[in-house]
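This report concerns only the one structure given below.
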Protein chains: 2
Amino acid sequence: MDRTSPRSSTRATEPRQGAQAIRRALSVLRILAAGREDGVPLAEVVRATGLTRPTVHRIVHVLIEESIVERHDKTGRYAIGNQVPELALARPRPSPLLVAAGPSLRRASAEIGDTLFLTVRTGNDTLCVDRRIGAYPIQVLSIEVGARRPLGVSSAGVAILAALPAQDARKIVTANEARFEAYRTDVATVLGEIAAARRLGYGMREIGLIQGTKSISTWIKTPDGRPAAAMTVSAVRTRLGPRREQEVAEILLRETRVIEQAIRASA
Amino acid sequence: MDRTSPRSSTRATEPRQGAQAIRRALSVLRILAAGREDGVPLAEVVRATGLTRPTVHRIVHVLIEESIVERHDKTGRYAIGNQVPELALARPRPSPLLVAAGPSLRRASAEIGDTLFLTVRTGNDTLCVDRRIGAYPIQVLSIEVGARRPLGVSSAGVAILAALPAQDARKIVTANEARFEAYRTDVATVLGEIAAARRLGYGMREIGLIQGTKSISTWIKTPDGRPAAAMTVSAVRTRLGPRREQEVAEILLRETRVIEQAIRASA
DNA sequence: GCGTTCTTGTCCATATTATGGACAGAACAT
DNA sequence: ATGTTCTGTCCATAATATGGACAAGAACGC
């Protein structure tokens, strides 16, 4: 393929070869991570990665021998193994983003009363990294810290995609096509939602991932203009009518600016 | 090499082939994990893994592209990247061992006054997973949660090796030989310390990893008799004379039994 | 300055390694 | 019984990862 330009062109330096197997193993791991504790059946990994079944099987079983993956004997599903958090301990724990966003999440959840989520992008996925439960007695709690979804299926994902250059966003959405089916959406729908978010200034889903819920997400950018995260409010739909939506969005946007300042300061 | 015995012999099911590159990438990652935030120079990874430099270089740079590894521009060292904790979020956080050991660590550190460590085995390494600082004004704090060392170089490692079948212990020590140099020890010394720990009933190092300190470690076994972790007291040497050593060891052994009970109960 | 000895990074012919089509068994449904 | 969908395995083959050799940069000595 392209053997040109040893130095980078714009910013990405992607195409290093000689490690197909390693890359494949990682894409398997990312799919397994989306399955959290319950894990994912082999066939689903095959579908989501586009690899052949023998290949996925071989990779997964080598990773089991290395304690990177676990197989739940009961269900036969595969999940992230205990060696992964062990490796993760090598890194300093409280990430700068979490520190910067903490006070804003607290303030906003107190003010709004519903649950707030902080979600980051990792590759082609969104990953919920913090959650603050609100005071109102009915709360949307089904999304937990560690929840991972293909970019595009949640309002946070739509917000992050809206904050990316259109071309990059389109590329990611296309790459995730095989995984949209499980969330009952498709490329065209997601692209439409991204366009709507760009117009509004925030991401929104009338029908949240959970029946009867609605979500609003703003995007948080790093000083260099790339999206670092999304801040999301999820609530039962009836609590987020048009007027209330406007109010909530304004609070989110205000706190978003605070977080962006805090990131700038800590950098 | 040995291409024999496709079916397992006793308990291990190790030799699945067709993924050399993935295994190599993982052994690189484990070495990088030992370097914590500061990371490890490439040459050190080459030494510790026994792989060739081009291979390590290729693996490391692919992992960088995948955000599994970071390169610190200032120092040129390689470290565990931010995608690793992100994958780790897929697992439930507080591990059963930590839950089981928590009260004992608290009790023992209150009683002894010095810092207590909980250390697990992960492959051929020890990994510090919890720490409780004591009340005495001089404390050994240089070992942090996440610290990773070759099994055998710390008293916790010696304790865990002492609790393993002698043959397994010897195999691990031999496998770590290339990494002992950096800790100024060698295979013969470590095997001697393991033998001493078996005699005493606990692991001990007159000369801790830090100058002027002394450490005592007991091993914690799972119901099936395999070592799950080690509990360690580290203190300035003068605080652990022969009589005190005896007292401290008895407290540790008592709490060890409590933890073993708690594990049994939660399983 | 200039050699020496470190380090990291790159190339590419080669053979070792990972690949996936084909097959088989297990579980479940009809 | 017979189909369908899942997981697991085999092995000839092609593609992949390998590592010797080379290059360039950094740090030190003098």
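Every value quoted in this text rests on a predicted model; they were computed, and no experiment measured them. Protein chains get the first letters and strands the later ones, always in sequence-line order, with residue 1 at the start of each.
Salt bridge present: B:R23 and A:E65 bring a charged side-chain N and a carboxylate O closer than 4.0 Å. Salt-bridge check for B:R91 with A:E37: failed, with every basic side-chain N at 4.0 Å or more from each acidic carboxylate O.
When rounded to the nearest whole Å, the span between CG of B:L42 and P of D:dA26 equals 16 Å. Atoms NE2 (A:H72) and C1' (D:dC6) sit 18 Å apart, rounded to a whole Å. Here the P atom of nucleotide C:dT17 and the CD1 atom of A:I22 are 14 Å apart, to the nearest Å. Between A:R23 atom CZ and C:dT19 atom P there is a gap of 13 Å when expressed in whole angstrom units. B:L51 has its CG atom 12 Å from the P atom of C:dT17, to the nearest Å. If you measure from atom CZ of A:R24 to atom C1' of D:dA17, you get 13 Å, rounded to the nearest angstrom. B:E44 has its CD atom 10 Å from the P atom of C:dT7, to the nearest Å. Taking atom CZ of B:R77 as the reference point, atom P of C:dT7 lies 12 Å away to the nearest angstrom.
The side chain to side chain donor-acceptor pair (under 3.5 Å) test with B:D125 is passed by exactly one of B:R30, B:R179, B:R149: B:R179. The side chain to side chain contact (heavy atoms under 4.5 Å, CB included) with A:V120 is formed by just one residue from the set A:L97, A:I220, A:I160, A:L98; it is A:L97.
Side chain of A:T55, nearest nucleotide from C:dT19, C:dG9, C:dT10: C:dT19. For B:P54, counting side-chain heavy atoms from C-beta on, the closest listed nucleotide (C:dG9, D:dG20, C:dT19) is D:dG20.
When each of B:T52 and A:V40 is assigned the nucleotide of DNA chain D bearing its nearest heavy atom, the one mapping closer to the 5' terminus is A:V40.
Put simply, A:R47 has a side-chain N or O that comes within less than 4.0 Å of OP1 or OP2 on D:dC6. Remark: A:Q20 is in phosphate contact with C:dT19, judged by side-chain N or O atoms under 4.0 Å from OP1 or OP2. Look at A:Y78 and you'll find a side-chain N or O under 4.0 angstrom from OP1 or OP2 of D:dG8. An OP1 or OP2 oxygen of D:dG8 is reached within less than 4.0 angstrom by a side-chain nitrogen or oxygen of A:H57.
Minimum heavy-atom separation, A:L29 to B:L87: O-CD2, 4.0 Å.
A donor-acceptor contact under 3.5 angstrom links the side-chain atoms of A:R53 to the base of D:dG8. For B:R58 and D:dT18, a side-chain-to-base donor-acceptor distance below 3.5 Å is absent, hydrogens and geometry of angles not being considered.
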